[in-house]
Q: 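Below is one structure. I have some questions about it.
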Amino acid sequence: MMGLTAAKLPGLNSFYTFPEYRRLHVGVQKRITEVTDDLSVRSRALSGTSEPRRGVAPDKMSDHAVFTRDKVLTIHSMNPTVKKVEYAVRGPIVQRAVQIEQELRQGVKKPFTEVIKANIGDAQAMGQQPITFFRQVLALCSYPELLKDNMFPEDAKNRAKRILQACGGSSIGSYSASQGIDCVRQDVAHYIESRDGGVPCDPDNIYLTTGASDGIVTMLKLLVCGEGPTRTGVMISIPQYPLYSAALAELAAVQINYYLNEDKCWSMDVSELERSLEAARKYCNPKALCVINPGNPTGQVQSRQCIEDVIRFAAKENLFLMADEVYQDNVYADSCQFHSFKKVLFEMGPQYSDTVELASFHSTSKCYMGECGFRGGYMEVINMDPEVKAQLNKLVSVRLCPPVPGQALMDLVVNPPKPGEPSYNNFKKERTDTLKLLAEKAKLTEDILNTVPGITCNPVQGAMYSFPKISLPGRAIKEAMALGQVPDMFYCMKLLEETGICLVPGSGFGQIEGTYHFRMTILPPTDKLKILLAKVKEFHEKFTKQYS
């Protein structure tokens with residue numbers, strides 16, 4: 001009965017009767033409350049907010065210590081590799097553009113009435129319309145009650161039912177398998193086989209991803225290891241898409257630059273690859289070669305011969321190939337054609353197709369779709385070591401699964417309406433019209449920029465961007481340096497402040513030292529694109545005159 005008659009206080013050897021324990025307990029609690037209240041009052045007094053305590057002498061306020069706590073996570077204690085990450089596409093220029101938009105809404109007077117953002121390949125943000133069939137099926141998948149509605153065509157309903165049946169609980173709100181929904185991976189495999197003229201594709205080699213970026217970063221995680229001179233090096237094109245430099249910085253890998261040939265429409269040159277690789281082997285272990293085709297930010301489409309040369313180089317130097325092919329439908333120049341690395345690899349024969357390790361990437365975000373926000377994509381791996389593949393499966397399982405709506409959208413991209421189906425004619429028209437308009441805007445951009453003295457723009461053969469070279473006066477370069485800015489950043493910031501045009505300086509993508517560029521998308525509606533190009537022309541002429 002001790003629990004009712006006596007108690008032992010923690011840390012004390014004596015036992016107390018229950019009434020004594022209760023009185024002692026109440027007294028301790030009362031004292032704790034008094035001390036807490038006193039600390040609270042003194043804290044308010046220190047901040048000058050407690051009227052009754054003002055004027056109390058400092059020595060009277062030191063009866064009880066006021067404890068402070070340093071932050072665990074500071075700029076000095078955080079992961080140092082994260083601080084090295086830079087992403088120019090959403091960098092300082094864009095941040096300032098957002099501020100200017102806010103200022104315009106607040107009534108601040110500017111020499112312009114709106115900010116035109118041509119900094120990022122976000123087609124629908126620039127006014128491109130979604131493909132009707134894609135959105136119909138996604139709507140049906142999101143709200144299956146709509147399957148009862150007669151406003152949707154039967155092929156859209158059938159497609160939605162097929163996707164829903166492949167989902168847990170017939171809902172796209174459920175998790176999928178980590179590698180992706182099985183029937184979607186099968187459709188991707190059939191798409192690749194058809195695209196590549198019958199080259200076999202195993203669905204087990206397909207990984208659905210959160211956009212192409214997710215697959216690229218996942219592969220880099222598998223590749224990177226070692227320390228010091230054994231640290232993994234990854235060859236990336238310069239100019240490059242900043243995802244690559246950012247991911248390599250975060251992983252503490254070694255970035256190996258190889259330069260595209262601007263004088264030959266940004267083509268790849270094997271002699272430059274050899275130069276870059278030989279230099280890198282002195283300080284790291286080069287293991288991978290990344291290629292973007294069609295190119296971002298440069299808009300080039302590599303020839304089949306070039307792709308063959310790159311594959312031979314990778315085979316000879318024992319490099320893992322990563323082919324970023326997210327713009328494969330964005331080819332505009334009559335003399336150009338998209339060739340997938342996988343197709344060329346297999347056409348070169350077993351000597352290459354049985355040995356060269358390749359990962360290729362595609363996405364729902366670009367081409368004629370422009371569905372960036374759904375974050376759909378896929379990765380195909382070729383000739384991967386089975387033990388490494390098991391590790392890849394483990395790695396993707398950690399993130400549970402890619403977004404299921406993005407997987408559904410990827411299925412529609414690789415398996416669109418077929419001739420004879422109710423949605424086919426409208427789908428074909430929307431797709432054709434979108435790509436035709438992009439081709440017209442690519443030509444318009446090239447033609448107008450090349451009329452500006454001091455700006456040279458290569459043909460925009462594909463993708464969604466131009467990357468023109470700009471000639472900057474010496475005085476402008478000196479002023480930029482004095483301000484601690486890269487000259488083309490100085491140029492683009494002035495362009496933004498004076499015209500409301502948001503472009504990205506070439507320094508954010510890499511360029512040969514002493515040259516300057518900017519990247520702009522060709523995505524704005526034609527009327528806005530004409531305004532943008534006219535303003536760039538006017539600004540460049542004014543800028544050149546001001547600093548000459």
Side-chain angles (χ1 to χ4, degrees), residues 83-89 91-93 119 231 233-249 253-284 286 289-292 295-300 302 310 313 449-450 452-458 465-496 503-520 536 540 543-544 547-548:
K83 290 187 281 186
K84 297 177 182 178
V85 172
E86 295 182 2
Y87 192 65
V89 175
I93 290 278
N119 61 293
R231 191 65 173 163
V234 179
M235 301 180 70
I236 65 172
S237 60
I238 300 295
Q240 54 107 17
Y241 177 52
L243 162 70
Y244 292 90
S245 57
L248 294 175
V254 179
Q255 176 180 319
I256 305 171
N257 297 337
Y258 67 88
Y259 290 88
L260 300 177
N261 191 332
E262 184 170 10
D263 293 334
K264 294 183 179 178
C265 206
W266 300 111
S267 63
M268 292 181 68
D269 188 334
V270 171
S271 64
E272 168 60 15
L273 293 177
E274 291 170 344
R275 178 209 63 78
S276 174
L277 183 68
E278 183 180 354
R281 281 183 168 148
K282 297 174 183 176
Y283 57 85
C284 70
L289 169 61
C290 299
V291 181
I292 309 174
N296 177 10
T298 45
Q300 88 286 353
Q302 301 295 358
V310 170
F313 172 79
L449 288 177
N450 280 327
V452 186
I455 297 183
T456 306
C457 183
N458 270 318
Y465 318 95
S466 65
F467 197 70
K469 182 190 292 185
I470 52 176
S471 177
L472 301 181
R475 279 185 56 217
I477 295 172
K478 287 181 181 178
E479 185 169 329
M481 296 299 191
L483 293 170
Q485 292 184 359
V486 180
D488 50 18
M489 169 66 85
F490 175 76
Y491 176 94
C492 287
M493 192 65 82
K494 275 193 166 294
L495 174 70
L496 174 63
L503 307 180
V504 189
S507 50
F509 301 89
Q511 54 198 348
I512 292 177
E513 187 174 351
T515 66
Y516 306 105
H517 302 77
F518 61 74
R519 188 192 80 160
M520 61 167 284
V536 169
H540 188 83
F543 183 91
T544 301
Y547 286 99
S548 293

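Everything numeric here is computed off the predicted structure, so don't read it as measured data. This chain uses plain numbering: 1 for the first residue, then up along the sequence.
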Q: Look up atom SG in C284 and atom NZ in K282, then write down how far apart they are to the nearest 0.5 Å.
A: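 One finds 12.0 Å between SG of C284 and NZ of K282.
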
Q: Would you confirm whether S245, through its side chain, and P242, through its main-chain N or O, come within 3.5 Å as a donor-acceptor pair?
A: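 The answer is yes, because a donor-acceptor pair under 3.5 Å joins these two groups.
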
Q: Looking at E479, I want to see if its CD is surrounded by more than 12 non-hydrogen atoms of other residues, nucleotides or ligands under 6.0 Å.
A: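 Above 12, so yes.
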
Q: Could you state the interatomic distance from CG (N296) to OG (S237), rounded to the nearest 0.5 Å?
A: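 If we round to the nearest 0.5 Å, N296:CG and S237:OG are 9.0 Å apart.
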
Q: Is D269 close to R275 at the side-chain level, that is, under 4.5 Å between some pair of heavy atoms?
A: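 Answer no - side chains too far apart.
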
Q: Any chance you could measure I470, atom CD1, to T544, atom OG1, to the nearest 0.5 Å?
A: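 Separation between the atoms: 9.0 Å.
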
Q: Would you name the heavy atoms of M489 and Q485 that are closest together and state the gap between them?
A: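 Distance-wise, the nearest heavy atoms are C-OE1, 4.3 Å.
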
Q: Testing the basics here: between P297 and Y465, what is the closest heavy-atom pair and its distance to 0.1 Å?
A: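 It is O-CB, 3.5 Å.
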
Q: Once you measure the plane-to-plane angle for Y244 and Y241, does it fall in the parallel (<30°), tilted (30-60°) or perpendicular (>60°) bin?
A: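 Correct class here is perpendicular.
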
Q: May I ask you to check whether F509 and H517 place their ring centres under 6.0 Å from each other?
A: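 Centroid separation for H517 and F509: 6.0 Å or greater.
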
Q: Which atoms form the tightest heavy-atom contact between P468 and L449, and what is the distance?
A: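 That would be CG-CD1, 3.9 Å.
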
Q: Could you tell me whether the side chain of T298 reaches within less than 4.5 Å of the side chain of I292, counting heavy atoms only?
A: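 No; the side chains remain at least 4.5 Å from each other.
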
Q: Verify whether one side chain among N261 and S267 offers a donor that lies under 3.5 Å from an acceptor in the other.
A: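 No donor-acceptor contact under 3.5 Å links the two side chains.
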
Q: So which heavy atom on I238 is nearest to which on G510, and how close?
A: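 Of all heavy-atom pairs spanning I238 and G510, the closest is CG2-C, 3.3 Å.
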
Q: Which is it for I455 and K469 under the side-chain contact (heavy atoms from CB on, under 4.5 Å) test, yes or no, and what are the steps along the way?
A: CA-CA 6 Å; I455 297 183; K469 182 190 292 185; over 6 Å; no

Q: Please evaluate residues N119 and I93 with respect to the criterion side-chain contact (heavy atoms from CB on, under 4.5 Å), reporting the C-alpha separation (whole Å), side-chain torsions for both, the decisive distance (0.1 Å), and the verdict.
A: CA-CA 9 Å; N119 61 293; I93 290 278; 6.0 Å; no

Q: Walk me through whether L289 and Y258 qualify under side-chain contact (heavy atoms from CB on, under 4.5 Å).
A: CA-CA 10 Å; L289 169 61; Y258 67 88; 3.5 Å; yes

Q: Supply the atom-to-atom distance M268 CE to F313 CZ, rounded to the nearest 0.5 angstrom.
A: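 So the gap between those two atoms works out to 8.5 Å.
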
Q: Within a strict 4.5 Å, meaning less than it, do heavy atoms of the M481 and P487 side chains meet?
A: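 Side chain of M481 against side chain of P487, heavy atoms only: contact under 4.5 Å found.
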
Q: What pair of heavy atoms forms the shortest contact from E262 to N458, and how long is it?
A: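 Taking every non-hydrogen atom into account, O-ND2, 2.9 Å.
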
Q: Determine whether V234 and C290 satisfy the following criterion, side-chain contact (heavy atoms from CB on, under 4.5 Å), listing intermediate values before the conclusion.
A: CA-CA 7 Å; V234 179; C290 299; 3.6 Å; yes

Q: Please tell me if the side chains of F518 and P505 come closer than 4.5 Å, counting only heavy atoms from C-beta onward.
A: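 They are not in side-chain contact.
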
Q: How long is the gap from CZ on F467 to CG on L503, to the nearest 0.5 Å?
A: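 Going from the CZ atom of F467 to the CG atom of L503 covers 11.5 Å.
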
Q: Mind checking whether Y516 and Y491 have ring centres under 6.0 Å apart?
A: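 No: the rings miss the under 6.0 Å criterion.
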
Q: Do the side chains of D488 and Q511 get nearer than 4.5 Å, heavy atoms only?
A: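 Q511 vs D488: side chains touch.
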
Q: Checking N257 against Q240: is there a side-chain donor and acceptor pair closer than 3.5 Å?
A: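 The answer is no; no qualifying pair exists.
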
Q: Has N450 got a side-chain atom pairing as donor or acceptor with C457's backbone, closer than 3.5 angstrom?
A: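 Here the side-chain-to-backbone pair exists.
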
Q: Keeping S276 on the side-chain end and E272 on the backbone end, is there a donor-acceptor pair under 3.5 Å?
A: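 Looks like no, no N/O pair under 3.5 Å.
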
Q: I want to check something: taking the side chain as every heavy atom from C-beta on, are R281 and P286 in contact at a cut-off of under 4.5 Å?
A: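 Counting from C-beta outward, R281 and P286 do come under 4.5 Å.
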
Q: What heavy-atom pair brings Q302 and W266 nearest, and what distance separates the two atoms?
A: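 Answer, listing the atom of Q302 first, then W266: NE2-O, 3.4 Å.
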
